[in-house]
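This report refers to the structure that appears directly beneath it.
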Amino acid sequence: LARQGYRIHLNNYGVVLMRRDAQDATPAEYLWLDARGKNFARRLAEAQEAGAVYRMTSPDGERDEARLVFERPLAGGGRRRDYKMFRIDLRFAENVAERRVSVGASPQTRAAVADVGRLLQEGYVVRDLFWADAAHLLLERTR
């Protein structure tokens with residue numbers, strides 16, 4: 001259907017609702033990248049170079065939003081985008097006596113937050129926060 005100009009509008013647990021705009025029926029394809037896959041970084045770089053644009057996450061069988069859905073026009077087109085992904089590890093410490101939970105970030109997460117701040121100043125925007133074995137932040141910048 002994407003090759004006939006339909007676009008994903010909604011996506012939920014294996015059911016996708018697509019629609020086609022009467023004024024724009026440009027053929028496209030969708031790339032579904034598993035953020036937990038061994039070759040995710042390579043596939044993300046390939047999608048990025050092919051002009052794919054991030055659209056949404058897609059839940060897997062375990063209800064994790066671990067699959068990222070990218071749309072790529074078949075006729076080229078559009079400005080390319082750069083993507084960066086960061087893992088966010090939070091640490092929880094429960095004090096039962098005081099009925100209190102403390103939340104902290106791992107050293108890697110603190111470093112990632114500093115990198116995210118720098119990238120935001122360089123023109124990246126936050127595109128999504130999703131779960132794939134841990135929280136992840138996806139940033140995007142148009143070239």
Answer whether the closest heavy-atom distance between the side chains of [X] and [Y] falls below 4.5 Å.
{"X": "R20", "Y": "Q4", "answer": "yes"}
{"X": "W131", "Y": "I88", "answer": "no"}
{"X": "D82", "Y": "Y124", "answer": "yes"}
{"X": "R80", "Y": "Q48", "answer": "no"}

Roughly how far apart are [X] [atom1] and [Y] [atom2], rounded to 0.5 Å?
{"X": "R43", "Y": "L31", "atom1": "CZ", "atom2": "CG", "answer": "7.0 Å"}
{"X": "R127", "Y": "M56", "atom1": "CZ", "atom2": "CE", "answer": "10.0 Å"}
{"X": "R67", "Y": "L33", "atom1": "CZ", "atom2": "CG", "answer": "11.0 Å"}
{"X": "L44", "Y": "L138", "atom1": "CG", "atom2": "CG", "answer": "7.5 Å"}
{"X": "L68", "Y": "D128", "atom1": "CG", "atom2": "CG", "answer": "7.5 Å"}
{"X": "S58", "Y": "D34", "atom1": "OG", "atom2": "CG", "answer": "10.0 Å"}

Looking only at heavy atoms, what is the nearest atom pair of [X] and [Y], with distance?
{"X": "M18", "Y": "Y6", "value": "CE-O, 3.6 Å"}
{"X": "F86", "Y": "D115", "value": "CE2-CB, 3.9 Å"}
{"X": "P27", "Y": "R3", "value": "CB-O, 3.3 Å"}
{"X": "E98", "Y": "N95", "value": "N-OD1, 3.0 Å"}
{"X": "V69", "Y": "T57", "value": "CG2-C, 4.5 Å"}
{"X": "R91", "Y": "S106", "value": "NH2-CB, 3.7 Å"}

With sequence neighbours excluded, give me every ring pair (Phe, Tyr, Trp, His ring centres under 6.0 Å) pair touching residues 39-59.
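Listed by first then second residue: Y54-F70.
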
Is V126 linked to Y83 within one hydrophobic cluster, defined over Ile, Leu, Val, Met, Phe, Trp and Tyr using a side-chain heavy-atom separation of less than 4.5 Å?
no

State plainly whether one hydrophobic cluster holds both L90 and V113, where clusters connect Ile, Leu, Val, Met, Phe, Trp and Tyr through side-chain heavy atoms under 4.5 angstrom apart.
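No; tracing contacts between hydrophobic side chains, which count when under 4.5 Å, never links both residues.
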
Under the side-chain contact (heavy atoms from CB on, under 4.5 Å) test, which residues partner E71, sequence neighbours left out?
R7, A28, Y30, R55

Running the 4.5 Å side-chain criterion over Ile, Leu, Val, Met, Phe, Trp and Tyr, what cluster does L17 land in, apart from itself?
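ILVMFWY cluster around L17 also holds L10.
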
For the backbone of A105 and the side chain of R110, can you confirm whether one donor and one acceptor N or O come within less than 3.5 Å of each other?
yes

If you count the non-hydrogen atoms of other residues, nucleotides and ligands that lie under 6.0 Å from CZ in R99, is the total more than 12?
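No, the 6.0 Å shell around CZ holds no more than 12 heavy atoms from other groups.
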
For atom CZ of R100, decide whether the heavy atoms of other residues, nucleotides or ligands shown that lie under 6.0 angstrom number more than 12.
no

